[in-house]
Amino acid sequence: MRSITEAALILLLLAAVPAVYAVTFQVGDNAGWAAGVNYTTWVSGKTFRVGDTLEFKYGPSHSVSVVDKPDYDGCDSSRPTQSFSERDTKINLTRVGTIHFICPTFGHCLGGMKLAVPVLAAVSSAPSPSPSAPSPSPSPKNSKNAKSAASKAKRIMSYGKIGVTMVLIYGVVG
Ligand SMILES: *[C@@H]1O[C@H](CO)[C@@H](O)[C@H](O)[C@H]1NC(C)=O
Ligand SMILES: *[C@@H]1O[C@H](CO)[C@@H](O)[C@H](O)[C@H]1NC(C)=O
Ligand SMILES: [Cu+2]
């Protein structure tokens with residue numbers, strides 16, 4: 001009996017783990033940081049938090065500049081607060097607020113190589129919903145939220161399954 005309680009505890013811990021992991025987002029997914037990608041679309045439905053990382057992968061014709069909102073809006077790369085061109089740039093999200101990126105190569109920002117990432121506060125040790133509990137219904141005006149919530153739920157479920165397997169093993173052995 002005791003081992004089943006232990007196993008149940010492990011299940012709970014495993015289910016809670018994904019909620020506290022920092023996430024690395026590859027900007028643009030497989031397309032990377034490139035011309036012809038709509039980064040407004042890429043951002044929508046994703047949740048970025050302090051502690052997460054953005055990874056930009058790009059070819060030699062591109063760079064990454066961190067700019068303020070007016071320069072993001074106006075595609076002005078003349079006064080970036082930070083600039084990178086090593087073709088694999090990792091940006092730590094260290095504070096709440098929107099961080100703005102543009103490609104400073106002539107014409108690229110106007111062509112769509114611009115990215116505004118809204119960063120939310122980190123979730124420290126907030127309890128995650130248990131796999132059996134219904135997840136909060138996503139807002140109907142953003143169906144992509146539903147998709148990411150679903151994939152998170154799936155991730156939690158797969159951890160949960162490992163836990164369930166453990167319960168069974170403990171049950172048989174103990
Ligand atoms: C990117 O997609 C959004 C809708 O998600 C649209 O409003 C916007 O015009 C698109 N941007 C470009 C440069 O095509
Ligand atoms: C980002 O954070 C990691 C670990 O927390 C650290 O090793 C790395 O140097 C940081 N990168 C930058 C650009 O601050
Ligand atoms: Cu570019």
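Order of appearance sets the numbers: ligands from 1, and atoms from 1 within every ligand. Excluded from the calculations below are hydrogen atoms, water molecules and symmetry mates; all remaining heavy atoms, backbone and side chain alike, are included. Model, not experiment: these values are computed from the prediction.
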Chemist: Might you point out which heavy atoms bring T81 and V67 nearest each other, and give the distance in Å?
Modeler: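 Of all heavy-atom pairs spanning T81 and V67, the closest is OG1-N, 4.4 Å.
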Chemist: For the Cu ion (ligand 3), find the closest N/O/S atom on H62 and give its atom name.
Modeler: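 This turns out to be ND1.
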Chemist: Would C75 and C109 count as a disulfide pair, i.e. SG atoms separated by less than 2.5 Å?
Modeler: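 A disulfide, yes.
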Chemist: For atom 8 (C) of ligand 1, which candidate among V37, T40, N38 provides the closest heavy atom?
Modeler: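 Minimum heavy-atom distance to atom 8 (C) of ligand 1 goes to N38.
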Chemist: With the side chain counted from C-beta on, respond yes when F56 and L115 share a heavy-atom pair under 4.5 Å apart, and no when they do not.
Modeler: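 They are in contact (side-chain heavy atoms under 4.5 Å apart), so the answer is yes.
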Chemist: Short list, please: which atoms of ligand 1 are under 4.0 Å from a heavy atom of T41?
Modeler: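 Those qualifying, in numeric order: 1 (C), 2 (O), 5 (O).
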Chemist: Kindly give the atom name of the N, O or S atom of H108 closest to the Cu ion (ligand 3).
Modeler: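 Considering only N, O and S atoms, H108 comes nearest to the Cu ion (ligand 3) through ND1.
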Chemist: Shortest non-hydrogen contact from R49 to V119?
Modeler: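 Answer, listing the atom of R49 first, then V119: C-CG1, 3.8 Å.
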